[in-house]
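Structure first, then comments.
Throughout, residue positions are numbered sequentially from 1 according to the sequence presented.
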Amino acid sequence: NKLEARLGLQKIVFGPSQVLRSLSWFDTIDLKDPTGQTDGVEAFRLRWFPSNSFSLWSWALINDEDTVSYGGRGELSTNIGEWGFTFHQDPSKSLQPIGQLGDSISSPHNRLAIDYRYDGSIGLWNESSLIQSDNLELGMITVGVDYTLPIANGILVMSESMHISSKETNSTSSQTFTAFMASVPIGMGHHAMFISRLDWDENLNYNYLRWSSTYDHYSLNFILSVNPQREDYNVPAEFLPQTLAEFGTGIQFMFIYNH
């Protein structure tokens with residue numbers, strides 16, 4: 001048996017999805033970010049490992065209003081795959097993002113989720129979550145598959161689809177997204193990645209291409225992104241974010257030094 005306890009600013013990350021992450025509850029991890037960093041949460045977390053195939057998590061989080069929310073997770077490894085069962089209860093009334101696609105909630109709520117991953121000749125996974133408050137029911141389902149093509153050093157190809165259904169007091173809505181990713185190592189220190197995300201309901205397409213070169217103490221990252229223009233959105237301009245990210249075509253260079 002092993003017991004792990006952590007107190008303070010930390011990351012709490014779980015779930016098998018990579019791009020369309022239904023279980024991005026407490027993190028901001030983005031596969032397109034070469035740093036791999038995430039915003040942390042102030043929390044007390046316990047993890048208990050009674051065996052090599054089973055673990056239990058529990059946590060208590062404090063938000064900006066000094067409100068305590070709490071939850072837990074169980075993870076089980078079997079011959080047919082990896083399973084996860086998660087719940088979280090939040091009494092806060094502050095506005096909180098749900099996932100990374102713009103959904104949010106501002107009332108006390110409960111979250112329930114189940115996730116599964118199978119690794120064989122191909123990888124398969126699913127994340128399903130349900131978030132409920134007095135006036136909102138939000139369901140999110142992500143399914144994904146990946147496979148490594150035996151070409152050159154191996155080309156990893158991946159696809160995920162997410163369906164979001166939202167039911168409020170007097171209205172219902174839904175959204176569907178699909179993401180494609182291809183990743184290939186080139187030589188010993190170079191890597192290329194392409195990600196495309198499609199919003200089926202709004203007919204919008206987001207594209208991202210990165211070339212990374214990694215050395216002993218630093219990495220060089222060249223990034224090209226091609227996204228919809230502001231006028232392509234069916235949203236008044238004053239309601240769109242002021243940031244340049246995910247609007248139009250952009251070229252970025254990122255130097256990361258590791259010390």
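To the nearest 0.5 Å, atom CG of residue Leu3 and atom CG of residue Leu56 are 10.5 Å apart.
Under the ring pair (Phe, Tyr, Trp, His ring centres under 6.0 Å) criterion, the residue pairs touching residues 11-33 are Phe14-Trp25, Phe14-Trp59, Phe26-Trp59, Phe26-His88, with sequence neighbours excluded. The list of ring pair (Phe, Tyr, Trp, His ring centres under 6.0 Å) pairs with a residue in residues 141-178, not counting sequence neighbours, is empty.
The side chain to side chain donor-acceptor pair (under 3.5 Å) search around Gln37 returns none, not counting sequence neighbours. When the salt bridge (charged side-chain N to carboxylate O under 4.0 Å, His left out) test is applied to Arg117, the partners found at least two apart in sequence or on another chain are Asp119, Asp146. Taking the salt bridge (charged side-chain N to carboxylate O under 4.0 Å, His left out) definition, one finds that Glu4 meets it with Arg6, Arg45, Arg47, sequence neighbours left out. Partners of Ile151 under the side chain to side chain contact (heavy atoms under 4.5 Å, CB included) rule, at least two apart in sequence or in another chain, are Leu149, Ile155.
With no hydrogens or angles considered, no side-chain donor-acceptor pair links Ser165 and Ser174 at under 3.5 Å. Between the side chains of Asn135 and Ser133, at least one donor N or O lies within less than 3.5 Å of an accepting N or O. Between the side chains of Glu160 and Trp125, at least one donor N or O sits under 3.5 Å from an acceptor N or O.
Grouping the Ile, Leu, Val, Met, Phe, Trp and Tyr side chains by contacts below 4.5 angstrom, directly or via other members, places Met140 apart from Leu23. Residues Leu130 and Ile164 do not share a hydrophobic cluster, clusters being chains of Ile/Leu/Val/Met/Phe/Trp/Tyr side chains in contact below 4.5 Å. In this structure, Val157 is a member of the same hydrophobic cluster as Ile122, with clusters built from ILVMFWY side-chain heavy atoms closer than 4.5 Å.
Here the closest non-hydrogen pair linking Arg210 and Asp33 is NH1-C, 4.1 Å. For Gly187 against Asn153, the heavy-atom pair with the smallest separation is N-ND2, 3.6 Å. Contact between Ile29 and Arg21 at its shortest, heavy atoms only, is O-NH1, 3.5 Å.
Each of Val19, Asn205, Leu209 was checked for a side-chain contact (heavy atoms from CB on, under 4.5 Å) with Ser196, and the lone residue meeting it is Asn205.
Under the 30°/60° scheme for interplanar angles, the aromatic rings of Tyr257 and His217 are found to be tilted.
Remark: the backbone N or O of Thr142 is paired with a side-chain donor or acceptor of Asn126 at under 3.5 angstrom. Between the side chain of Asn258 and the backbone N or O of Asp216 there is no donor-acceptor pair closer than 3.5 Å.
Shown here is Ile62, whose CD1 atom has no more than 12 heavy atoms of other residues, nucleotides or ligands within 6.0 Å. The number of heavy-atom neighbours closer than 6.0 Å to CG of Asn203, taken from other residues, nucleotides and ligands shown, is 12 or below. For CZ of Phe194, the number of neighbouring non-hydrogen atoms (other residues, nucleotides, ligands) closer than 6.0 Å is greater than 12.
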